[in-house]
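Just below is one structure, and these are the notes that go with it.
Whatever order the structure lists ligands and atoms in, that order sets their numbers, starting from 1.
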Amino acid sequence: MTDEVIIEATEDAVQRQYVYIEKVKEITAEQTSREGRQPTYDVRVFGCQMNEHDAEKIIGMLEEMGYSKASAGEQADVIVFETCCVRENAEEKIYGHLGILKPSEGDKRSIVAVTGCMMQQPQVVEKIKKSYRHVNIVFGTHNLHLFPELLYRYMSEGRRVFDIWDAGSQVVEGTPITRTEKVKAWVNIMLGCNNFCSYCIVPHVRGRERSRNKTDILEEVKRLAQGGYKEITLLGQNVNSYGNDLGLKDAFAELLYALNAIDGIERIRFMTSHPKDLSDSLIQAMKELPKLCEHLHLPFQSGSSKVLKDMNRKYTKEQYLQLIDKVREVIPDIAFTTDIIVGFPGESEEDFQDTLDVVKRVRFDMAYTFLYSKRTGTKAAEFSNQIPEKVKKERFQRLVETQNAIGAELNLKHEGLTEEVLVEGKSRHSDAMYTGRTREYKLVNFTCDEDLTGQLARVKIIRAWPFWLEGTAEPHQ
Ligand code: SF4
């Protein structure tokens, strides 16, 4: 008996999932009447927004199949891991979580499924096969939509199911989805990446760029607007190249104009933008379209042109700084956020000083800072001039201190101002406060006499904290 299950990649396979959803539903209905409780699920997500959004699809399918969310501390009937392989410590964490799940005698047995980017790496799948025998179902990023079929196969045949596709040629539409938020939603506009930055595993595990059709995106956003959603964030590894694979030119800016016209949606964001592809037409759209927020996430990764070349980023320090100036000239109040990698192979102290220089010159509102992590299968993993951990960590510390001081200073400028905040609900900090974000993506926690969740509130900022703003809502008009 083999572990492998191969399912053909046909259009029919997508439609067929609805048949499998019904089949699993019969099993869960029978379990519900037998045990007097609805079977439960627990979906654990690691990594980026793309994974968060994929998890919403897995949850959507599970709920369609008759599962409900497990309560905290309860061992769920189905546990799904949505994995990330961008950094080594993320992978180690996931192995740790999987190890904890190994059943001991007499334990209630859950069905354990693992998916996401890690599963696109053959060495990982081999390790799961051999060392994590309590994992029942393994599937990859390209066949996520087949989860009902794989789950049913496991339930009906009782043997482990492994189904990983090397590449995805399709963009799958029509997968059930349960959104985890009620006010703002993620919308995938494209999958995969063509850039092959030398440190990055994403193109190897998510495949080449595939854009969704504009009409499918517009339909999805119209449905979100009808469902009361106010903000959308368009997702793609490099949204600026949206449509290139469909033979379209300037398609991303055109898409933004069409989305801006949808009634009910108040705010539009997008991520991620590659500096080499940020077009004039996009900058113009950001200036003209009232719903596009004054916030741009523009990863620069390193301030050294030499390191950027080794990273295969296809821009120099000077070009990046010129781009920032160009955007600021058109949209003066824009907030920039970025991603930075410290300790890329061959990074000298001088190269690192260039990174600090960019941070000081641009003055980012926030930066996601990472220690370089060697990823098997990428070009940079083969570079011989790897940087010692101690040096990486010391540079990382200096970078974080520099950026945090700038972020805190920029936050201070908001004290005394009244900001438009899209209210997302109660604050995690305090039950007496609500939370939301400004158009510049600043997190605001504020007091308010009424629950304005889902609405745009005017909030007077009374205090700036290093990573958030504190305010009080002005009377609602
Ligand atoms: S643009 Fe570069 S960093 Fe971003 S996903 Fe593609 S290869 Fe990775």
Side-chain angles (χ1 to χ4, degrees), residues 46-54 82-91 116-121 140-142 167-168 171 186 188-212 233-245 251-252 269-279 282 296-317 319-320 323 336-345 347 355 358 364 367-383:
F46 300 80
C48 66
Q49 288 83 357
M50 205 65 92
N51 272 13
E52 298 269 358
H53 190 43
D54 280 352
E82 174 68 38
T83 64
C84 168
C85 60
V86 167
R87 267 167 289 284
E88 194 180 358
N89 57 5
E91 284 199 2
C117 296
M118 251 172 101
M119 299 308 117
Q120 292 298 138
Q121 303 176 100
T141 57
H142 302 301
V171 175
W186 287 304
N188 256 144
I189 62 166
M190 60 193 300
L191 306 165
C193 180
N194 289 355
N195 288 316
F196 288 94
C197 300
S198 64
Y199 53 82
C200 183
I201 194 76
V202 170
H204 305 268
V205 295
R206 290 259 174 193
R208 297 296 79 69
E209 287 177 0
R210 282 105 62 212
S211 300
R212 289 179 69 195
T233 301
L234 308 175
L235 288 182
Q237 304 296 347
N238 180 16
V239 289
N240 303 110
S241 61
Y242 168 76
N244 288 359
D245 57 308
F252 185 51
R269 304 184 188 276
F270 54 85
M271 68 187 307
T272 297
S273 286
H274 195 304
K276 78 176 168 56
D277 294 318
L278 193 97
S279 64
L282 174 60
L296 183 59
H297 184 69
L298 198 61
F300 80 93
Q301 308 298 10
S302 169
S304 154
S305 297
K306 175 190 143 282
V307 172
L308 286 169
K309 190 161 186 292
D310 292 343
M311 286 178 163
N312 194 30
R313 291 290 290 177
K314 301 197 171 73
Y315 54 85
T316 61
K317 174 187 179 185
Q319 284 167 334
Y320 184 85
L323 190 56
F336 286 104
T337 55
T338 196
D339 296 337
I340 310 169
I341 295 173
V342 178
F344 185 80
E347 181 192 74
T355 296
V358 172
F364 296 98
Y368 299 89
T369 46
F370 305 99
L371 284 172
Y372 168 72
S373 174
K374 194 171 166 179
R375 303 285 61 209
T376 308
T378 62
K379 212 168 163 206
E382 292 159 20
F383 293 172

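Atom NZ of K314 is surrounded by more than 12 heavy atoms from other residues, nucleotides or ligands within 6.0 Å. No more than 12 heavy-atom neighbours from other residues, nucleotides or ligands sit within 6.0 angstrom of NZ on K379.
Those atoms of ligand 1 with a heavy atom of V202 less than 4.0 angstrom away are 5 (S). Heavy-atom contacts of C200 reach the following atoms of ligand 1: 3 (S), 5 (S), 7 (S), 8 (Fe) (cutoff under 4.0 Å). Taking a cut-off of under 4.0 Å to the non-hydrogen atoms of F196, the atoms of ligand 1 that pass are 7 (S). Of all the atoms in ligand 1, the ones that sit under 4.0 Å from a non-hydrogen atom of H274 are 1 (S).
Within the 4.0 Å heavy-atom criterion, the part of P203 lying near ligand 1 is the side chain and not the backbone.
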(message) Show, in sequence, the C-alpha distance, side-chain angles and deciding distance for S211 and D245, and conclude whether the side-chain hydrogen bond (donor to acceptor under 3.5 Å, both in side chains) test is met.
(response) CA-CA 7 Å; S211 300; D245 57 308; 2.5 Å; yes
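Listed for the R208 side chain is a donor-acceptor partner under 3.5 Å among the backbone atoms of P203. Although no hydrogens or angles enter the test, the distance criterion places a donor-acceptor pair under 3.5 Å between the side chain of T338 and the main chain of F300.
Using a 4.5 Å heavy-atom threshold, the side chains of T141 and M50 count as separate.
Scanning the protein heavy atoms around atom 3 (S) of ligand 1, the nearest turns out to be Y199 OH, 3.4 Å. Distance from atom 1 (S) of ligand 1 to its nearest protein heavy atom, with residue and atom name: N195 ND2, 3.4 Å. When hydrogens are left out, the protein atom nearest atom 4 (Fe) of ligand 1 is Q237 O, 4.3 Å; that is the closest non-hydrogen contact.
At a threshold of 2.8 Å, atom 2 (Fe) of ligand 1 has a backbone or side-chain N, O or S atom of C197 nearer than that distance. Coordination check, C193 versus atom 8 (Fe) of ligand 1: failed, since every N/O/S atom of the residue sits at 2.8 Å or beyond.
The shortest separation from a heavy atom of R313 to ligand 1 is under 4.0 Å, placing the residue in contact.
Side-chain polar atoms of S302 and E347 form no donor-acceptor pair below 3.5 angstrom. Donor-acceptor pairing under 3.5 Å is recorded for the side chains of H297 and T337.
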